[in-house]
Number of protein chains: 2
Amino acid sequence: MSENIKEPLFNLLHSMKRSLRQAIEVGDLGITPLHMRVLKIISFYNQKVTANDIVQKTLIDKAQLARLIKELIGLGYVSKLDNPNDKRSYYLGISGEGEQIVKQLSVAEHRVNEIMKTGLTEQEIADFARLAKQMAHNLNQQNE
Amino acid sequence: MSENIKEPLFNLLHSMKRSLRQAIEVGDLGITPLHMRVLKIISFYNQKVTANDIVQKTLIDKAQLARLIKELIGLGYVSKLDNPNDKRSYYLGISGEGEQIVKQLSVAEHRVNEIMKTGLTEQEIADFARLAKQMAHNLNQQNE
DNA sequence: TTGCGGTGGTTGACTAAGTCAACTACATTT
DNA sequence: AAATGTAGTTGACTTAGTCAACCACCGCAA
């Protein structure tokens, strides 16, 4: 009988979310892990990413994302820029404060990342990430 | 720079939860994936498991678990049995209907499991599970 | 060129999941 | 026996995730 993968995965995610939340709360400012996730993407693709792009990348529901972005804008971390090619959409840019937050919280995230990797080799980490991607891909294929 | 493991993991969990929910909804009866998770544990350790044991195993918050169990009892899938050694706690038993549900939904879960494993070797699956456990363990160590 | 189906984004209304604190009842320690 | 600890419950709340309806705009085909 082949192993059930879900249970360890649920456990891992749970622990990870808890650690991340704790790490992030230190320098707190109304930011949740999900805000952080989105903010990092916006930071990375600064002014070259639309809400819809983020939906594609993350599979976050577009309704939820619209709200997250509204909140990030409300906090002054993000702004909308007109997209001259398509008046329905807009590019997302990050503010100086936004960058601050990303930088600051990246440190915390990195710490969690390192803790998580304790006792594992780079090869194992890479394999793990590869397998996770593959499995997600398998599941997503199925649902279309 | 070492790879960030969180993003693929978040994606995988997201896809997995979605698939599971869909798989479970087919034969629906007020059951969520989390109910299922708890119900399976109760089925496995039938009459030999307490609420607190489940909290230890899963890290589900005890408040949340109390409510889940109340719901499962309300649905007639689970019952409480007095624990003669400790009047504060009780053992959890599963009913015939409960077993039915577990059996039925295990099929659905197994299907999702198989989809997830497409193109991976048994060795890779085993490694993946091992690494997930190790990482969860690392994180949990840290938080005490 | 208009009109029609599709897409990006927003809002409403909701369910599921997770958290924290306070409390009850019983157990253990000292 | 008193103090301290633990199992489970309840209240009140936050974070995530989902679905449907809608608007403004896009692109294409008749």
Side-chain angles (χ1 to χ4, degrees), chain A residues 6 9-11 13-22 24-25 28-39 49-74 78 80-92 143, chain B residues 9-22 24-25 28-39 42 49-74 78-92 143:
Chain A
K6 294 187 307 300
L9 218 39
F10 274 129
N11 286 333
L13 184 77
H14 195 282
S15 299
M16 207 170 75
K17 275 164 76 176
R18 207 169 50 129
S19 292
L20 272 180
R21 195 165 36 74
Q22 285 180 2
I24 284 176
E25 262 168 10
D28 190 46
L29 204 39
I31 283 283
T32 70
L34 194 56
H35 285 107
M36 184 56 184
R37 204 180 157 202
V38 171
L39 198 56
V49 69
T50 68
N52 196 46
D53 293 338
I54 297 178
V55 165
Q56 305 302 319
K57 275 182 223 306
T58 61
L59 303 183
I60 292 172
D61 183 81
K62 65 179 184 164
Q64 192 180 5
L65 186 63
R67 280 181 268 256
L68 284 167
I69 290 173
K70 196 164 62 172
E71 285 157 14
L72 288 172
I73 291 172
V78 163
K80 289 180 179 179
L81 289 82
D82 283 344
N83 175 354
N85 308 316
D86 188 337
K87 282 179 191 165
R88 290 169 306 176
S89 97
Y90 44 80
Y91 289 118
L92 292 165
N143 282 338
Chain B
L9 216 39
F10 273 128
N11 286 334
L12 173 53
L13 254 299
H14 194 281
S15 299
M16 207 170 77
K17 276 164 76 173
R18 207 168 48 128
S19 293
L20 272 180
R21 194 165 37 75
Q22 285 179 4
I24 285 176
E25 263 169 8
D28 191 43
L29 204 39
I31 283 283
T32 70
L34 194 56
H35 285 107
M36 184 55 185
R37 205 181 156 201
V38 171
L39 199 56
I42 295 175
V49 70
T50 67
N52 196 47
D53 293 338
I54 298 179
V55 165
Q56 304 303 318
K57 276 182 224 306
T58 62
L59 302 184
I60 293 172
D61 183 82
K62 64 179 185 164
Q64 193 180 4
L65 186 64
R67 279 183 269 256
L68 285 168
I69 289 173
K70 196 163 64 173
E71 284 156 17
L72 289 172
I73 290 171
V78 164
S79 58
K80 290 181 180 179
L81 289 82
D82 283 345
N83 175 353
N85 307 318
D86 187 337
K87 284 180 188 162
R88 289 169 306 175
S89 98
Y90 45 80
Y91 289 118
L92 293 165
N143 281 339

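Proteins come first, then strands; the chains are lettered A, B, ... in the order of their sequence lines, and each starts at number 1.
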DNA chain C: 5'-proximal contact among Leu13(A) and Tyr91(A) (nearest heavy atom): Tyr91(A)

I'd like to check the side chain to side chain contact (heavy atoms under 4.5 Å, CB included) partners of Lys62(B); sequence neighbours left out, ordered by chain and number. Val55(B)

Could you pull out the protein-nucleic contacts involving nucleotides 10-14 of chain C (nitrogen or oxygen on both sides, under 3.5 Å)?
residue : atom : partner  : partner atom : Å
dT10(C) : OP1  : Lys80(A) : NZ           : 2.3
dT10(C) : OP1  : Tyr90(A) : OH           : 3.2
dT10(C) : OP2  : Tyr90(A) : OH           : 2.8
dT11(C) : OP2  : Lys70(A) : NZ           : 3.0
dG12(C) : N7   : Arg67(A) : NH1          : 3.0
dG12(C) : O6   : Arg67(A) : NH2          : 2.8
dA13(C) : N6   : Arg67(A) : NH2          : 3.1

Could you go through Arg37(A) and Ile60(A), starting from their C-alpha distance and side-chain angles, then the distance that decides it, and tell me whether this counts as side chain to side chain contact (heavy atoms under 4.5 Å, CB included)? CA-CA 11 Å; Arg37(A) 204 180 157 202; Ile60(A) 292 172; 4.2 Å; yes

By side-chain hydrogen bond (donor to acceptor under 3.5 Å, both in side chains), His35(A) pairs with (sequence neighbours left out) Thr32(A), Glu71(A)

Just jot down the side-chain hydrogen bond (donor to acceptor under 3.5 Å, both in side chains) partners of Thr50(A), sequence neighbours excluded, or say none. Asp53(A)

Do Val38(B) and Leu92(B) come within less than 4.5 Å of each other through their side chains, counting heavy atoms only? no

Among pairs that include at least one residue of residues 81-90 of chain A, which meet side-chain hydrogen bond (donor to acceptor under 3.5 Å, both in side chains), considering only residues two or more places apart or in two chains? Asn83(A)-Ser89(A), Asp86(A)-Arg88(A)

Toward the 5' end of DNA chain D, by each residue's nearest nucleotide, Leu68(A) or Pro84(A): Leu68(A)

Whole angstroms only, please: what is the CE-P distance between Met16(B) and dG17(D)? 13 Å

Find the distance Leu72(A):CG to dT15(D):P and express it as a whole number of Å. 13 Å

Reckon Ser89(B) has a side-chain N or O less than 4.0 Å from the OP1 or OP2 of dT6(D)? no

Any side-chain N or O of His14(B) below 4.0 angstrom from OP1/OP2 of dA17(C)? no

First of Lys87(A) and His35(A) reached from the 5' end of DNA chain D, by closest nucleotide: His35(A)

Protein and nucleotides 1-6 of chain C: nitrogen or oxygen contacts under 3.5 angstrom:
residue : atom : partner  : partner atom : Å
dG6(C)  : N2   : Arg88(A) : NH1          : 3.0

Could you check whether any side-chain heavy atom of Gln64(B) comes within less than 4.5 Å of a side-chain heavy atom of Leu34(B), counting everything from C-beta outward? yes

Indicate whether OP1 or OP2 belonging to dG8(C) is found under 4.0 Å from a side-chain N or O atom of Thr50(A). no

Calculate the interatomic distance between Glu71(B) atom CD and dG8(D) atom P; express it in whole Å. 17 Å

Between dG5(D) atom P and Asp86(B) atom CG, what is the distance in whole Å? 17 Å

With Ala63(A) via side chain to side chain contact (heavy atoms under 4.5 Å, CB included) - residues at least two apart: Asp61(A), Arg67(A)

Nearest-angstrom distance from the residue atom CG of Leu34(B) to P of dG17(D): 14 Å

Results of side-chain hydrogen bond (donor to acceptor under 3.5 Å, both in side chains) for Lys6(A) - residues two or more places apart only: Asn4(A), Glu109(B)

Provide, to the nearest angstrom, the distance between the CG atom belonging to Asn85(B) and the C1' atom belonging to dT28(C). 15 Å

Quickly work out the Ile73(B) CD1 to dT9(D) P distance and round it to whole Å. 8 Å

Atom pair distance, as rounded to whole Å: CG in Asn11(B) and P in dG17(D): 11 Å

